[in-house]
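Shown next, in structure tokens, is the structure this report addresses.
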Amino acid sequence: QVQLVESGGGLVQAGGSLRLSCAASGRTFSMYIMGWFRQAPGQEREFVVMISGSGRNTYYSDSVKGRFTISRDNAKRTVYLQMNSLKPEDTAVYYCAAKTGVAVTRLPSEYNYWGQGTQVTVSS
């Protein structure tokens, strides 16, 4: 069982930056693929980025590539999402998720554990 707690959301102007954190419980954090998803009002949950257990492999959605950076610190059982050059369309609740196994997937249904989400609002 893994519990995930996100933090770092807030209100920022377009062009600004935010850093989200996701702290995980459990002793096997490095075995999990970690992902960030987001959900805007009235929209489906959308894949943002994922990182392998070792941190060597990352996969980004086209909408955030070049602006967002995912990283993880397995010793601290924490995954980070650095978001730069934020746009109003990045406004959403951002969720951290953990997935067992090694298969790479962008489907929310394939992730086993979810955090409660943190709101990111980008004003124009």
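- Closest of all the heavy-atom pairs between Ser124 and Pro88 is CB-CG, 3.8 Å.
- Using a 4.5 Å heavy-atom cutoff, the side chains of Tyr59 and Val104 are in contact.
- Taking each heavy atom of Leu86 and Leu18 in turn, the nearest pair found is CD1-N, 3.8 Å.
- Side-chain contact between Tyr80 and Arg19: present, with at least one pair of heavy atoms (C-beta onward) separated by less than 4.5 Å.
- Put simply, Val79 and Tyr95 are part of two different groups of oily side chains (I, L, V, M, F, W, Y) that touch within less than 4.5 Å, one to the next.
- Separating the CE atom in Met83 from the OH atom in Tyr94 is a distance of 5.5 Å, to the nearest 0.5 Å.
- Rounded to the nearest 0.5 Å, atoms NZ (Lys65) and OH (Tyr60) are 10.0 Å apart.
- A salt bridge does not link Asp90 with Lys87: every distance from a Lys NZ or Arg NE/NH1/NH2 to an Asp or Glu carboxylate oxygen is 4.0 Å or more.
- Under the 4.5 Å side-chain heavy-atom criterion for Ile, Leu, Val, Met, Phe, Trp and Tyr, Tyr113 and Ile70 are members of the same hydrophobic cluster.
- Using a 4.5 Å cut-off on side-chain heavy atoms (C-beta onward), Val120 and Val122 make contact.
- Contact of the Trp36 side chain with the Leu20 side chain is registered, since non-hydrogen atoms from C-beta on lie closer than 4.5 Å.
- Side-chain polar atoms of Thr91 and Glu89 form no donor-acceptor pair below 3.5 angstrom.
- Checking side-chain atoms of Ser63 against main-chain N and O of Ser61 turns up no donor-acceptor pair under 3.5 Å.
- In this structure, Met31 and Val2 have side chains that are not in contact, with every pair of non-hydrogen atoms separated by 4.5 Å or more.
- Note that CZ of Phe29 and SG of Cys22 are 6.5 Å apart. Values are rounded to the nearest 0.5 Å.
- Between the Ser52 side chain and the Asn57 main chain, a donor and an acceptor come within less than 3.5 Å of each other.
- In this structure, Tyr111 and Ile33 have side chains that are in contact, with non-hydrogen atoms separated by less than 4.5 Å.
- Separation of atoms CZ (Arg77) and OG (Ser25) is listed at 7.5 Å; rounding is to 0.5 Å.
- Residues Ala98 and Met34 approach most closely at CB-SD, 3.6 Å, considering heavy atoms.
- Considering CZ of Arg72 and OG of Ser30, their distance stands at 7.0 Å, rounded to 0.5 Å.
- Between Glu6 and Leu4 the shortest side-chain heavy-atom distance does not fall below 4.5 Å.
- In terms of hydrophobic clustering, with Ile, Leu, Val, Met, Phe, Trp and Tyr side chains grouped at heavy-atom distances under 4.5 Å, Phe47 and Val64 are assigned to different clusters.
- Considering only heavy atoms from C-beta on, Ser17 stays 4.5 Å or farther from Arg67 through its side chain.
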inquiry  = Between Asn112 and Thr100, does the side chain to side chain donor-acceptor pair (under 3.5 Å) criterion hold? Intermediate values first, please.
reply    = CA-CA 7 Å; Asn112 307 98; Thr100 57; 3.1 Å; yes

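- With sequence neighbours left out, Val5 forms a side chain to side chain contact (heavy atoms under 4.5 Å, CB included) with Gln116.
- Under the 4.5 Å side-chain heavy-atom criterion for Ile, Leu, Val, Met, Phe, Trp and Tyr, Leu81 and Tyr32 are members of the same hydrophobic cluster.
- Glu110 CD to Thr105 OG1: the interatomic distance, rounded to the nearest 0.5 Å, is 5.0 Å.
- In this pair, Trp114 and Phe37 present their aromatic rings tilted. The plane angle is within the 30 to 60° band.
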